[in-house]
Protein chains: 2
Amino acid sequence: MSNNIKILLAEDEPSLGQIIKESLEIRNFEVILCVNGEEAYKKYESENPNLLVLDVMMPIKDGFTLAKEIRQENTNIPILFLTAKSQIKDVVEGFEIGGNDYLKKPFSMEELIVRINALLKRQKNKDTPFNIGNYLFDLQKQTLELNSNVEKLTHREAQLLWHLHKKRNQTLDRSFILKKLWGDDDFFNARSMDVFISKLRKKLKDDESIQIINVRGFGYKMIC
Amino acid sequence: MSNNIKILLAEDEPSLGQIIKESLEIRNFEVILCVNGEEAYKKYESENPNLLVLDVMMPIKDGFTLAKEIRQENTNIPILFLTAKSQIKDVVEGFEIGGNDYLKKPFSMEELIVRINALLKRQKNKDTPFNIGNYLFDLQKQTLELNSNVEKLTHREAQLLWHLHKKRNQTLDRSFILKKLWGDDDFFNARSMDVFISKLRKKLKDDESIQIINVRGFGYKMIC
DNA sequence: ACCTAGCGTTAACAAGTGTTAACGAGTGTT
DNA sequence: AACACTCGTTAACACTTGTTAACGCTAGGT
């Protein structure tokens, strides 16, 4: 029985493609095998897969080109590259395009499975609500829930809170967060961010175990 | 016996046109062969075909011009271009006009069949109703059904909802959708789109798991 | 030709969101 | 203590988006 996770596999070497496909199917993944980038793009469109495993070197359309196209319309889907070339340059290019991980050939099936599971888990983590203190925080829905009292957050508030929580109990650098969320670290954005910190503190005040502490000159630290 | 699928073929070179026509008829497609764009337009109007195969270079009216005209009144029908010119420029132009695929001459009949079937399958996928939350959404019929309660959507509503769903759980860029559905990103179209978002929210309000969230300055995100 | 219903656009106002300003409080330095 | 600087907080503001209704166009019916 399928675990409901659909993997799009693009690999031009038939025997390798088949081996990977079967190995994954044994683990209850649903696998769509394509032999080139163009076919893979069409299947991506029609099948709506959860994860992409792309060989970099393929005829007609290579994995990088394909990934670039898909990233334009889907910034979310995890992409794992398979690369025969072991040069660092390629790996860097892959990450720049928006690949989430890569695997050098030859690789063991176990390695592949581990990485796929890691990517899926990361994906799931992003989508699944989690607790911050006694609050339940849902990034997707942009909500904070406490005692079945649901408070809506704005997009900025939610993003900021997510980053604070990701680095909870560590100092989150002002400049880092400004560049990440505001795009630029300047005076006004910095003040704007302070306002948002203030708003978050207010919205989180019903659980005293959560605190957003200022580290003068460096940033903020959320303890929880 | 026909499989009930009607293909409009526009190809000015008589012998090639005839060969393609017969090859397709062997595969049980119904084929209407035209020798120029003007004739093809008339046949398109009267015959209501399921798919267009258009030669780009034709006398009187070329394939691109024809496709542009037809796209204005039908954004749905799959269009496959046959092009003798192999320049990328043409292919790009073709896709911008709204072509769904292209085939460089010379091509094998097998290639053509594969592409036609792929387009038809994709079309079929588009035509098949699917679930959005607990609703059943039918793009073709422009309906939303919940608990056997059928709500009609207008064309714009249906198109917008389809795009939101296609990129569900991702932010759909305002500008992208405006260009795609309204043709241009200007103030009034943007306001019009906001109105439609409002209408969709109202029509989707009976399933709370579906939400259309605004991402200020960027667009909308449908979560479901 | 006229009427009508349906649809998409435009207008108008309400609500929401992020930025900026202003002022006060806190912190470390001299 | 005086000072410079950073941060906290509130409110005003500008801008974006939400919502409703009026409007005009078009296709189909009479």
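Here is how names work: the chains are called A, B, and so on, in the same order as the sequence lines, proteins then strands, and each is numbered from 1.
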Taken to the nearest whole Å, CG/A:Leu200 to C1'/C:dT17 is 14 Å

For D:dT19, does OP1 or OP2 lie under 4.0 Å from any side-chain N or O of B:Arg201? yes

Rounded to whole Å, CD of A:Gln211 lies from C1' of D:dG8 at a distance of 14 Å

*Looking for any heavy atom pair under 4.0 Å, which part of the strands does A:Asp194 touch: base, sugar-phosphate only, or nothing?*
base

When rounded to whole Å, the CG to P distance for the pair B:Asn214 and D:dC15 reads 17 Å

Within 45° cone and under 6.0 Å: A:Lys6 NZ/CZ vs A:Phe29 ring: no

Expected string for nucleotides 4-11 of chain C under the B/S/- scheme (protein heavy atoms, under 4.0 Å, primed atoms plus P, OP1, OP2 as sugar-phosphate) is ---SSBBS

note: A:Leu178, atom CG; C:dG18, atom C1'; distance rounded to Å ~ 14 Å

Taking every heavy atom of A:Arg71 against every heavy atom of A:Asn76, the minimum-distance pair comes out as NH1-N, 4.1 Å

A:Leu181 atom CG is separated from C:dT17 atom P, nearest whole Å, by 17 Å

Per-nt protein contacts along nucleotides 24-30 of chain C (heavy atom under 4.0 Å; B base, S backbone sugar-phosphate only, - none) come out as --BB---

Salt bridge flag under 4.0 Å for residues B:Glu157 and B:Lys199 = no

Query raised in the report: For A:Glu69 and A:Lys61, what are the C-alpha separation, side-chain angles and deciding distance, and is it a salt bridge (charged side-chain N to carboxylate O under 4.0 Å, His left out)?
Result: CA-CA 11 Å; A:Glu69 286 175 9; A:Lys61 189 181 283 179; 3.0 Å; yes

Q | Test: B:Glu25 and B:Lys21 ion pair at under 4.0 Å | A | yes

Separation of D:dG8 atom C1' from A:Ile212 atom CD1, nearest Å, is 12 Å

Is A:Arg191 salt-bridged to A:Asp186, going by a charged N under 4.0 Å from an acidic O? no

Worksheet item: Are A:Lys68 and A:Asp62 ion-paired here, with the side-chain N under 4.0 Å from a carboxylate O?
Response: no

Ordered by number, residues from residues 217-224 of chain B within less than 4.0 Å of DNA chain C (heavy atoms) are none

Separation of C:dG18 atom P from A:Asp184 atom CG, nearest Å, is 18 Å

field: Salt bridge flag under 4.0 Å for residues A:Arg115 and A:Asp101
entry: yes

Exercise for the section: Would you tell me if any nitrogen or oxygen in the side chain of B:Ser198 comes within less than 4.0 Å of OP1 or OP2 on D:dG18? Expected result: no

Rounded to whole Å, the CD-P distance (A:Glu151 to C:dT17) equals 11 Å

**Prompt:** Do the charged groups of B:Lys167 and B:Asp173 touch, with an N to O distance under 4.0 Å?
**Reply:** no

Scanning both residues in full, the closest heavy-atom pair of A:Ser209 with A:Gly133 reads OG-CA, 4.4 Å

Exactly one of A:Tyr135, A:Phe130, A:Tyr220 clears ring-ring contact (aromatic ring centres under 6.0 Å, His included) with A:His165, and that residue is A:Phe130

